[in-house]
Amino acid sequence: MREPFIRNHQYNEIKKQAGILQHALGTVVDLKILESVKYTAESKIMEMFPAATAEQKQMLEAVSTLRTKEDFAKYLRDLEAYLTEFPAITAKQIQKLFPKNKKLRLPDLAAIDYRYVTYLSWIDIASNKLFIVYPINGQFVGVEGRYNRANKKNYCFVCNRFEELALFSAITKKRPAGTSPDYYKAIGNYMCAKSDDCNKNITNTTALEKFIDAVIG
């Protein structure tokens, strides 16, 4: 039985490293440089899986043996069978994360392929808000904020890829000691205008988790 162990962002990093290696094989002549690229690709992949079993290690380390375009395609295709899904969540659970939004409009949860989701996100056009759901320590957390298309391309703070951006600003729940009850602080960052693009790009969850922690306290 295949036991899923690769998260979406890890799979994206594997694809990234495989792509770098594939490009090097087609453009680099120096064997020492090629060996260095192979070593780096394998190392960056393996460091994401310190608890990998012997079988899992063998499967992942095979990246350094790939040669042809077909080899790389098969390697990535085979790994898809080991993708872990975003934790199951119901509409009711999501609504409880945003109790102040009585008329919360949800995405079509049944239409989502949760293997390729690091964070669940959708836009409510009526309220011009972006909603994010993310699992932390076995619990779901929800973050909502204003969403404004930036009409420009730059680097997303979540996935660090050059994409069409939107400004996402959320009010933090953290209050410095001694502040008045009316105190509030908004935290804003530019992120991919389309969360589908962001989920395809993200290779590290650190920036996203840091932002969520700053908002929810």
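These figures come from a predicted structure and were not determined experimentally.
Under a 3.5 Å cut-off, the side chain of Asn201 and the backbone N or O of Cys159 do not form any donor-acceptor pair. Using modelled atom types, one side-chain atom of Arg67 and one backbone atom of Thr65 make a donor-acceptor pair closer than 3.5 Å. Looking at Arg146, its side chain does come within 3.5 Å of a backbone N or O of Ser127 through a donor-acceptor pair. No donor-acceptor distance shorter than 3.5 angstrom exists from the side chain of Tyr147 to the backbone of Asp124, with no hydrogens or angles considered. A donor-acceptor pair under 3.5 Å links the side-chain atoms of Asn199 to the main chain of Ser195, judged by distance alone. Side chain of Trp122 to main chain of Ile132: no donor-acceptor pair is present (N/O by atom type, distance under 3.5 Å, no hydrogens or angles). A donor-acceptor pair under 3.5 Å is formed between the side chain of Ser121 and the backbone N or O of Phe131. Panel note: side chain Gln139, backbone Ile136; no donor-acceptor pair is recorded below 3.5 Å. Judged by distance alone, with hydrogens and angles left aside, the side-chain atoms of Asp213 form no donor-acceptor pair with the main-chain N or O of Lys210 at under 3.5 Å.
For the residue pair Gln22 / Tyr75, no side-chain donor-acceptor distance below 3.5 Å is found, with atom types taken as modelled. Checked by atom type, the side-chain pair Asn128/Asn148 shows a donor-acceptor distance below 3.5 Å. Using modelled atom types and a 3.5 Å distance limit, the side chains of Glu13 and Asn204 yield no donor-acceptor pair. In this structure, a donor-acceptor pair under 3.5 Å is present between the side chains of Asn8 and Thr118. A donor atom on one side chain and an acceptor atom on the other are not found under 3.5 Å apart for Glu163 and Tyr155.
When all heavy atoms are compared, the tightest approach of Thr205 to Arg7 is CG2-NH2, 4.3 Å. Considering every non-hydrogen atom in both Ala207 and Phe157, the closest pair reads CB-O, 3.2 Å. Here the shortest heavy-atom pairing between Ile171 and Val215 reads O-CG1, 3.7 Å.
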Evaluation steps, side-chain contact (heavy atoms from CB on, under 4.5 Å), between Val28 and Val37: CA-CA 10 Å; Val28 177; Val37 175; 5.8 Å; no

Go through it in stages, so that I can follow the logic: the residues are Tyr116 and Glu80, the test is side chain to side chain donor-acceptor pair (under 3.5 Å), and I'd like the CA-CA distance, side-chain angles, deciding distance and then a yes or no. CA-CA 10 Å; Tyr116 305 102; Glu80 284 185 320; 2.9 Å; yes

Taking it one step at a time, do Ile6 and Thr84 satisfy side-chain contact (heavy atoms from CB on, under 4.5 Å)? CA-CA 6 Å; Ile6 302 172; Thr84 62; 5.9 Å; no

Tell me, with the steps shown, if Val133 and Phe98 meet side-chain contact (heavy atoms from CB on, under 4.5 Å). CA-CA 10 Å; Val133 173; Phe98 306 101; 4.0 Å; yes

Is there a side chain to side chain donor-acceptor pair (under 3.5 Å) between Gln56 and Tyr82? Walk through the geometry before answering. CA-CA 10 Å; Gln56 290 167 350; Tyr82 296 90; over 6 Å; no

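In the displayed structure, Lys16 atom NZ is contacted under 6.0 Å by at most 12 heavy atoms of other residues, nucleotides or ligands. Atom CD of Gln58 has 12 or fewer heavy atoms from other residues, nucleotides or ligands within 6.0 Å. Counted within 6.0 Å of NZ on Lys200, heavy atoms from surrounding residues, nucleotides or ligands total 12 or fewer; the atom is thus considered open.
At a threshold of 4.0 Å, the pair Lys32-Glu35 does not count as salt-bridged, since none of the basic side-chain nitrogens sits closer than that to a carboxylate oxygen. Salt-bridge check for Asp113 with Arg115: passed, with a basic side-chain N closer than 4.0 Å to an acidic carboxylate O. Ionic pairing of Asp78 and Lys74 is present here: one or more N-O contacts between side-chain nitrogen and carboxylate oxygen are shorter than 4.0 angstrom.
Linking Ile, Leu, Val, Met, Phe, Trp and Tyr whenever their side-chain heavy atoms come within less than 4.5 Å leaves Leu167 and Ile187 in two separate clusters.
Judged by a 6.0 Å distance limit and a 45° cone about the ring axis, Lys96 is not positioned over the six-membered ring of Phe140.
Between Phe72 and Leu25 there is a side-chain heavy-atom pair separated by less than 4.5 Å. A heavy-atom distance below 4.5 Å is not found between the side chains of Thr40 and Leu21.
Applying the ring pair (Phe, Tyr, Trp, His ring centres under 6.0 Å) test to pairs two or more places apart or on separate chains, those with a residue in residues 6-55 are Phe5-Phe49.
Rounding to the nearest 0.5 Å gives a distance of 9.5 Å between CZ of Arg77 and CD of Glu70. Met191 contributes atom CE, which lies 9.0 Å from atom CG of Asn189 (distance to the nearest 0.5 angstrom).
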